[in-house]
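Taking it in order: structure first as structure tokens, then the write-up.
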Amino acid sequence: LKRALTALVLASTLVGCASGPKLADAQADLPKLAESQGRIYFYRTQVLTGLVVQPSIYLNGQKVADCAPQGVFITDAPPGDYEATTATEVEHKVSFSLAAGEEKFVRCHIGIGLFVGHAILDLVNADKAHHEMRDLAFAGRGEVPVAAK
Amino acid sequence: MLSHLSSLLLAVGFVGLAACSEVSTEPAPLLATTQVSPLASATSAAEHTYILEQTVRARPSSGRARALKRGTTWTEFGTITQGTVYRPLDMALVVEGFDVSEAYIVVRDGNVVGFWLPVQKAFDAVEEPKPIVMKQRGED
């Protein structure tokens, strides 16, 4: 019974995590950032905490990523002002400005909620983000928003 | 028993939400810009780039103090009525109420007097101005 439970937990963990190559391996195949664009990384390092809570992340109202455990999503976008939002019981948002050639890093994590964990977005330093993302799976590229806010 | 527990949970939730204060700001449009593109040449960028000489802790209206760390790099971004705006180049600076907003610092007469929110184009004054010393990049 103990083995079965362990296997079940492991299986559910693997199913719940983002799948794909490591970001470091995938980056060589990513298109180079255009000079007229900026790049936004959305990532989540948590594995077990709030595993089943994986809300979508929106950029200026357009879905670009999921708050998926161990996953990184990348969105290239024109310079401008942006608001990234995600919601479970309540909506949480982070606003930032993006310049051409600039990279921004938004970390999503699941915190304590009343009935469902709250998804929280943070803006993270480049050095810290690169360190945290090094072993995460590249989960996909989001669509480029039509226009900056 | 269950209804008592539900009531307690709801009360805790409301208290938790109430604890997340709103950021108190005032409109502050940029009067002039000196911002340097991330793609600008090193020479051009250095003219407007500064290194923080000592760590400064400044507390915005939302109440949670931000540490502006010694050795971090800042670029002159522009001016607003309240002072000169500097954008961090190697740290993510935010002010937090219930939500999170990217922030730049506002300096006047050698003191950090507040934070400027680039998306909201708004000024968030610090509780108490704090002295700040920056040197231009490349200076000894």
Side-chain angles (χ1 to χ4, degrees), chain A residues 32-41 43 57-60 79-109 111-132 148-149, chain B residues 5-20 22-23 25 29-30 33 35-41 45 62 64 66-69 71-73 75 77-78 85 87-104 115-122 124:
Chain A
K32 193 181 169 194
L33 178 61
E35 285 192 0
S36 61
Q37 302 260 295
R39 179 164 285 176
I40 307 159
Y41 294 77
Y43 71 97
I57 299 173
Y58 298 84
L59 191 62
N60 285 5
D81 295 335
Y82 289 94
E83 193 171 84
T85 57
T86 188
T88 53
E89 287 179 329
V90 295
E91 185 182 74
H92 191 256
K93 60 188 172 189
V94 57
S95 57
F96 56 87
S97 191
L98 183 72
E102 187 180 23
E103 291 183 323
K104 281 282 180 10
F105 304 88
V106 178
R107 181 179 56 202
C108 179
H109 73 275
I112 295 170
L114 197 53
F115 297 106
V116 181
H118 289 185
I120 298 163
L121 300 175
D122 284 320
L123 208 54
V124 180
N125 294 341
D127 287 349
K128 185 176 182 182
H130 282 299
H131 177 73
E132 291 184 333
K149 187 182 168 190
Chain B
L5 183 61
S6 300
S7 302
L8 181 65
L9 284 173
L10 279 171
V12 168
F14 282 124
V15 168
L17 288 174
C20 301
E22 279 299 309
V23 176
T25 61
L30 270 182
T33 60
Q35 55 192 290
V36 179
S37 160
L39 303 174
S41 70
S62 53
R64 187 173 159 196
R66 319 310 305 187
L68 315 173
K69 291 185 179 169
T72 48
T73 312
T75 186
F77 189 80
V85 178
R87 182 170 76 93
L89 294 180
D90 48 12
M91 68 174 288
L93 179 61
V94 297
V95 293
E96 296 175 65
F98 186 72
D99 295 314
V100 176
S101 301
E102 184 181 23
Y104 305 162
F115 296 89
W116 187 70
L117 314 184
V119 174
Q120 293 82 357
K121 311 285 184 286
D124 180 5

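Heavy atoms only: backbone and side chains are in, while hydrogens, waters and symmetry mates are out. Note that the coordinates shown come from a computational prediction; the quantities given were computed from them, not determined experimentally.
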(message) Taking atom NZ as the centre, does B:K121 end up with more than 12 heavy-atom neighbours from other residues, nucleotides or ligands that are less than 6.0 angstrom away?
(response) yes

(message) Need one label for A:K128: side chain, backbone, both or neither, based on atoms under 4.5 Å from any heavy atom in chain B.
(response) neither

(request) Could you tell me which portion of A:I112 (side chain, backbone, both or neither) has an atom closer than 4.5 angstrom to a non-hydrogen atom of chain B? (result) neither

(message) Show, in sequence, the C-alpha distance, side-chain angles and deciding distance for B:E102 and A:S97, and conclude whether the side chain to side chain donor-acceptor pair (under 3.5 Å) test is met.
(response) CA-CA 7 Å; B:E102 184 181 23; A:S97 191; 5.1 Å; no

(message) As an exercise, state the distance from CD1 of A:I120 to CD of B:E96, rounded to the nearest 0.5 Å.
(response) 9.5 Å

(request) Name the member of A:V124, A:D122, A:D127, A:L123 that forms the most heavy-atom pairs with chain B at distances under 4.5 Å. (result) A:L123

(message) Taking the side chain as everything from C-beta on, heavy atoms only, tell me whether A:E91 gets closer than 4.5 Å to B:D99.
(response) no

(request) Please name the pair of heavy atoms, one in B:V100 and one in A:L121, separated by the smallest distance, quoted to 0.1 Å. (result) CG2-O, 3.7 Å

(request) Please report the closest heavy-atom contact between A:D81 and B:P118, naming both atoms and the distance. (result) OD2-O, 3.9 Å

